[in-house]
There are 2 protein chains.
Amino acid sequence: MRVTIADVARNAAVSKTTVSRVLNGKGEVDAETADRVRAVIAKLGYVPSSRAVGLARGSNRTLAMLVPSLTWPWVGEVLQGVADTVEAAGYGLLLFTCNRGEDSMAQFTSQVSARAFDGVLVIEPENTLRSMAALHRQGLPLVMVDDRGQRPDFPSVATTNAEGAAAAAAHLLDSGRRAPLIITGPRHFGCVQDRLTGFVGVLRERGVAQPAARVAAGDFTVRCGQTVIERALTEGIPFDSVFAHNDLSATGALHALRAAGRRVPDDVAVIGFDDIPIAAYTEPPLTTVRQPMRAMGEAAARRMIEHLGGVTPLQAAPTVLPTEFVIRSSAPG
Amino acid sequence: MRVTIADVARNAAVSKTTVSRVLNGKGEVDAETADRVRAVIAKLGYVPSSRAVGLARGSNRTLAMLVPSLTWPWVGEVLQGVADTVEAAGYGLLLFTCNRGEDSMAQFTSQVSARAFDGVLVIEPENTLRSMAALHRQGLPLVMVDDRGQRPDFPSVATTNAEGAAAAAAHLLDSGRRAPLIITGPRHFGCVQDRLTGFVGVLRERGVAQPAARVAAGDFTVRCGQTVIERALTEGIPFDSVFAHNDLSATGALHALRAAGRRVPDDVAVIGFDDIPIAAYTEPPLTTVRQPMRAMGEAAARRMIEHLGGVTPLQAAPTVLPTEFVIRSSAPG
DNA sequence: CTGAAAGCGCTTACAG
DNA sequence: CTGAAAGCGCTTACAG
């Protein structure tokens, strides 16, 4: 059968208490006794049952990560940052996605009640901010990787959306563009508002107007990027550049422009947002506002782990990591 | 404090045993008693502690998923299929990546000993087949999503690599190409051998030779696709088409061809493998051999869950899901 | 149909 | 420095 702490105790001729002490390094144990116990542990290949430890301690060094979907490049990058940090700290990572909507959330909430994990890192699934906040109020340690610019009143990690968009605007103006077409993300996202404000703000400062006709509502998909460009072309809306609120829609824009015979960047310059891995390999490679996705995941995990370690109380103030402007051929300098 | 089964029992004026019975639907319970217990459970908002249940039952309805990296599109798709299936079955999903090499594997193995999960689904991290096999022999329920064509002697889910590659070859020949350049994946992967055999087999059948000079070793990265094409062009190796062993390297090939002024598909037709989401948005869109990634993840999860449910013994025979040939403009019909 | 008691495998006061 | 015992919150024979 399975080797238990009792087996180790018996073999080492000590009590389970002593074994537990050398296991956890708590309390004084005679050096020789400890060595003997360690030898037995090695010989028997003993590993404490995580279930038993969890029950006894009331915590199991496990974090949950809740994400809307796993097939978005952005999410994969953040998740990798989280996984690296969590694993390095010796924590487990329980993954939850929300593909089944209400059902999924109910299941997740019930796992919270079941105390299946010590804390949760979340990339907010659509319309769950309220339930997240509720869970947080009920005492669940929570850190949000805020891709929506929600500025929730619980801990979060975000990026400088307005500044990043401002850099994009300045770059376009500096290279002589005067009529950018903006493809936004979903309008109710805070990050979309921020990117809009940051971008248009620079234009206004420099005396360039941004008519509403050149601000098109997208939804962060490749498809929407195509559609917006096709429509603008059909309607004859004049534009000499595109600022898409993410790289996926920028990719769609590149496609539609090419299909319509517009050259990038000669006729139209294109800038995206995120710098997902494929951004360097679109045709032409995409100038974009890099979000430090990996680092955001790492920061979220680190805050949570430090909190659980008792070092740092979890404060609501967001950790804001800076964007970085990446120039490639779709909008050269 | 936390509501426990004892609280429910007291409030419903029954024993913990009875509460447990209505919770798990095992054993006969008087209908009225059961209703009363359920009412109390609802009123108190009681949810059983997963830690306690796990310890008592010796299993916690949790699966582990071990992956090499989370930032490859292929992995994201498979993982989504796994997550959907696992969640729908009410299981938890513990995620492990292997970014820290040996250390990671040691940690994973120790989690196995700790009985932190009931079974594991794995996309094999480099060079771990041996340890996986060992864990499986020691009784760990294991299903591998076999992207390497390893044909291990434990349960796995794979795809028809040879047939898929054969379809690609037939398509190129049918459209008049006679000199394909092959960009392989790592040579020691079984899937690479299979794709090579399947592809070259069709060529041979139709009397077309495939000289070694037109078989270049790649490593599944975008970069390798670029490098191979650049080198072939420099060395003056003649080719009228490219068969890349995955979409990422095909993307690199498209890039290098364009940079060199070769038109796709007019001068060179390009076919990839996988059909990751961006394949439809490369320039031009990529003709490719689709792997049913989502379905592979789902199948792996389903086999594991059925096994754990006691329905099906886990057999070594691989589940093989068919590839599908997807024609887009990089190699039209 | 129902309950008392043992057991799952640890940790942690408490006592010495 | 060390150990006996209680406790974590469930499930499961066993007995009635």
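First the proteins, then the strands, lettered A, B, ... as listed; each starts at 1.
In this structure, B:Glu32 places its CD atom 12 Å from P of C:dC1, rounding to the nearest Å. Atom CG of A:Leu23 is separated from atom C1' of D:dG3 by 17 Å (rounded to the nearest Å). To the nearest angstrom, P of D:dC1 lies 7 Å from CG of A:Asp30.
When side chains are defined from C-beta on, A:Pro277 does not count as touching B:Thr71, because their heavy atoms never get closer than 4.5 Å. Contact annotation: the side chain of A:Phe220 never approaches that of A:Trp74 to less than 4.5 Å [non-hydrogen atoms, C-beta and beyond].
Atoms CG and CE, on B:Asp146 and B:Met296 in that order, are 7.5 Å from each other to the nearest 0.5 Å. Put simply, OG on A:Ser50 and CG on B:Leu55 are 10.0 Å apart, with the number rounded to the nearest 0.5 Å. Taking CG from B:Asn11 and CZ from B:Arg36, the interatomic distance works out to 11.0 Å, rounded to the nearest 0.5 Å.
Residue pairs meeting the side-chain hydrogen bond (donor to acceptor under 3.5 Å, both in side chains) criterion with at least one partner in residues 16-33 of chain B, sequence neighbours excluded, are B:Ser15-B:Thr18, B:Ser20-B:Asn24, B:Asn24-B:Arg57, B:Asp30-B:Thr33.
Across A:Gln291 and A:Asp274, no two heavy atoms sit closer than the pair NE2-OD1, 2.8 Å. Closest of all the heavy-atom pairs between B:Leu44 and B:Val3 is O-CG2, 3.7 Å.
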Under 3.5 Å, which N/O atoms of the protein pair with N/O atoms of nucleotides 12-16 of chain D?
residue, atom, partner, partner atom, Å
D:dT12, OP2, B:Lys26, NZ, 3.3
D:dT12, O4, B:Thr17, OG1, 3.3

Open item on the list: Pairs counted only when both distances fall under 3.5 Å, Watson-Crick or G-U: show me the 5' to 3' dot-bracket for DNA chain D, [ ] for pseudoknotted crossings and | for other-strand partners.
Closed with: |||.||||||||.|||

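Contact annotation: A:Thr4 side-chain N/O to C:dC8 OP1/OP2 distance is not under 4.0 Å.
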Can you give each donor-acceptor pair under 3.5 Å made by side-chain atoms of residues 86-96 of chain B, sequence neighbours left out, with the distance rounded to 0.1 Å?
residue, atom, partner, partner atom, Å
B:Glu87, OE2, A:Thr97, N, 2.6

Show which side-chain atoms of residues 126-144 of chain A pair as donor or acceptor with protein atoms under 3.5 Å away, not counting sequence neighbours.
residue, atom, partner, partner atom, Å
A:Glu126, OE2, A:His188, NE2, 3.2
A:Thr128, OG1, A:Pro125, O, 2.5
A:Ser131, OG, A:Thr128, O, 3.3

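Residue B:Ile5 has its side chain nearest to D:dC10 when only C:dC10, C:dC1, D:dC10 are considered.
DNA chain D is contacted by no residue of residues 39-54 of chain A, taking any non-hydrogen atom closer than 4.0 Å.
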